[in-house]
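Only one structure is covered here, and it is reproduced in the block below.
Indexing begins at 1, ligand by ligand and atom by atom, following the structure's order. All of these numbers come straight from a predicted model, not from anything done at the bench.
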Amino acid sequence: MLKSKEDLNQEIDWIVALAGNPNTGKSTVFNALTGLNQHTGNWPGKTVLKAEGTYAYGGYNYLLIDLPGTYSLFANSLEEQVARDYICFEQPDVSLIVTDATCLARHLNLVLQVLEITDKVVVCVNLLDEATRKGIQVNLEALSCELGVPVVGTTARDGVGLEELKETIALVAQRVICPQPRVISYDREIEGAIAELLPHLNVEAYPNLNKRWLALRLLEGDPSIFDYIKTPEAINEVLVKPVWAEG
Ligand SMILES: Nc1nc2c(ncn2[C@@H]2O[C@H](COP(=O)(O)OP(=O)(O)O)[C@@H](O)[C@H]2O)c(=O)[nH]1
Ligand SMILES: [Mg+2]
């Protein structure tokens, strides 16, 4: 079992998961925020390194979980599955996604995948110094409008932007800011299939699980998701005999 808020020291108020592609400065952000208040081990039952640490801000204590660096959340590797399962099933209060300002487009893939799971997201555009050096300017406000979630620019190695980052995490954790992520719509066939599945998805063990996301994974036939849910016959029927594909 992964740690949940109840298992931890009661002094923790909010849990923040740190996601991002490898080499975006995730560990740099993690170290800058938690300092010496961290420890590492393995994810339970997995040979994947887990780092967690705490920091205090604005009268609250935060537990920061450094998820494995991944390019996607498709559960193709152990790392991806650990990251995905944490965001999905442990439901941290905030998911902070660290991206690289010098090649932002490539990083938005992961961002959009996280936005399909949760709305409690802050996007950190790191390596702004490198971007400036390369003549790249990132319009953080426009990006935030497009994504529907707060975006903070940082140069984590120099500690630039970290106060704003902590403040934004605090506002999302406390639901002062309620992000409204852009919803990705798929073509008619897939949207029809999602609509067909949704009424059947009552996953008792995970009442807050994002049903639209779950429907998409079921349609993909993602085997890793079947470990978590008992598939009611009704769903099987929809999946095996796709009514939306008829006619
Ligand atoms: N120039 C610059 N380098 C950074 C910044 N943040 C992190 N780095 C460097 O980028 C490299 C990868 O950082 P790391 O935190 O290990 O990335 P991770 O793989 O995402 O955990 C390290 O050499 C960091 O010192 C930044 O804002 N600017
Ligand atoms: Mg790292």
Side-chain angles (χ1 to χ4, degrees), residues 2-3 15-44 46-55 57 62-87 90 92 94-115 117-118 121-141 143-144 147 149-169:
L2 300 178
K3 271 187 178 172
I15 298 184
V16 181
L18 195 45
N21 293 15
N23 263 319
T24 51
K26 226 157 47 62
S27 296
T28 306
V29 170
F30 178 80
N31 289 330
L33 293 186
T34 63
L36 294 175
N37 300 314
Q38 51 173 267
H39 62 93
T40 54
N42 273 0
W43 288 84
K46 305 229 161 64
T47 52
V48 178
L49 191 73
K50 180 186 192 186
E52 54 183 29
T54 57
Y55 70 92
Y57 181 80
Y62 293 80
L63 176 73
L64 195 54
I65 312 278
D66 192 11
L67 298 176
T70 60
Y71 295 100
S72 88
L73 293 180
F74 283 131
N76 289 326
S77 66
L78 216 50
E79 285 77 9
E80 288 181 6
Q81 195 174 350
V82 164
R84 186 206 65 186
D85 286 356
Y86 195 83
I87 294 173
E90 297 301 316
V94 181
S95 292
L96 174 63
I97 313 164
V98 183
T99 62
D100 180 344
T102 67
C103 51
L104 203 46
R106 213 184 301 156
H107 291 249
L108 293 181
N109 181 35
L110 181 70
V111 172
L112 291 174
Q113 287 188 19
V114 176
L115 292 186
I117 300 175
T118 173
V121 169
V122 175
V123 172
C124 169
V125 176
N126 190 37
L127 292 135
L128 277 184
D129 59 330
E130 278 294 313
T132 304
R133 219 173 47 81
K134 293 182 175 169
I136 299 167
Q137 263 193 319
V138 181
N139 187 337
L140 300 169
E141 215 169 294
L143 182 63
S144 173
L147 296 174
V149 303
V151 173
V152 179
T154 61
T155 299
R157 203 175 57 182
D158 303 335
V160 175
L162 296 180
E163 278 303 305
E164 188 189 344
L165 192 62
K166 284 192 272 190
E167 176 65 13
T168 308
I169 292 169

> Between T40 and K50, is there a donor-acceptor pair closer than 3.5 Å when you use the side chain of the first and the backbone of the second?
Replying inline: no
> With distance as the sole test, does K26 use its side chain to make a donor-acceptor pair with the main-chain N or O of L67 at under 3.5 Å?
Replying inline: yes
> What is the ring orientation for Y55 with Y62, classed by angle as parallel under 30°, tilted 30 to 60°, or perpendicular over 60°?
Replying inline: parallel
> Among protein heavy atoms, which sits nearest to atom 10 (O) of ligand 1, and what does the distance come to when rounded to 0.1 Å?
Replying inline: L127 CD2, 4.7 Å
> How far is atom 20 (O) of ligand 1 from its nearest protein heavy atom, and which residue and atom name does that atom have?
Replying inline: K26 N, 2.8 Å
> Counting only N and O atoms by type, is there a donor-acceptor contact under 3.5 Å from the side chain of T132 to the main-chain atoms of L128?
Replying inline: yes
> Are the side chain of Q113 and the backbone of L73 linked by a donor-acceptor contact shorter than 3.5 Å?
Replying inline: yes
> Which bit of T28 is near ligand 1, meaning a heavy atom under 4.0 Å away: side chain, backbone, both or neither?
Replying inline: both
>> Below 4.0 Å from ligand 1: does a non-hydrogen atom of G20 turn up there or not?
In response: no
> Backbone N or O of T102 within a donor-acceptor pair of the D100 side chain at under 3.5 Å?
Replying inline: yes
> Looking at S27, which atoms of ligand 1 are within less than 4.0 Å of one of its heavy atoms?
Replying inline: 15 (O), 18 (P), 21 (O)
> Counting each atom of ligand 1 from 1 as listed, which ones have a heavy atom of D129 under 4.0 Å away?
Replying inline: 1 (N), 2 (C), 26 (C), 27 (O), 28 (N)
>> Heavy atoms only, cut-off 4.0 Å: how does E130 contact ligand 1, side chain, backbone, both, or neither?
In response: side chain
>> Closer than 4.0 Å and a protein heavy atom, does any atom meet both conditions relative to atom 18 (P) of ligand 1?
In response: yes
> Less than 3.5 Å between some nitrogen or oxygen of A156 and one of ligand 1, yes or no?
Replying inline: yes
> Does ligand 1 have a heavy atom under 4.0 Å from the side chain of T24, from its backbone, from both, or from neither?
Replying inline: both
> Hey, are Y71 and E80 close enough side-chain-wise for a donor-acceptor pair under 3.5 Å?
Replying inline: no
>> Quick one, I65 and W43 - any side-chain contact, counting heavy atoms below 4.5 Å?
In response: yes
> What protein heavy atom is closest to atom 11 (C) of ligand 1, reported as residue, atom name and distance in Å?
Replying inline: N23 OD1, 4.2 Å
> Are the side chain of S144 and the backbone of V149 linked by a donor-acceptor contact shorter than 3.5 Å?
Replying inline: yes
>> Looking at atom 22 (C) of ligand 1, tell me if a protein heavy atom falls under 4.0 Å from it.
In response: no
> Looking only at protein heavy atoms, which one is nearest to atom 9 (C) of ligand 1, and how far off is it?
Replying inline: R157 CD, 4.3 Å
> Is any N, O or S atom of N23 under 2.8 Å away from the Mg ion (ligand 2)?
Replying inline: no
> Between the candidates N126, D100, N21, T155, which shows the shortest non-hydrogen contact distance to atom 6 (N) of ligand 1?
Replying inline: N126
> Can T154 and N126 be counted as having a side-chain donor-acceptor contact under 3.5 angstrom?
Replying inline: yes
> Quick check: does P22 get an N/O under 3.5 Å from an N/O on ligand 1?
Replying inline: no
>> Strictly inside 4.0 angstrom of atom 15 (O) of ligand 1, do you find any protein heavy atom?
In response: yes
> Looking only at heavy atoms, which two atoms of V29 and L96 are closest? And how far apart?
Replying inline: CG1-CD2, 4.4 Å
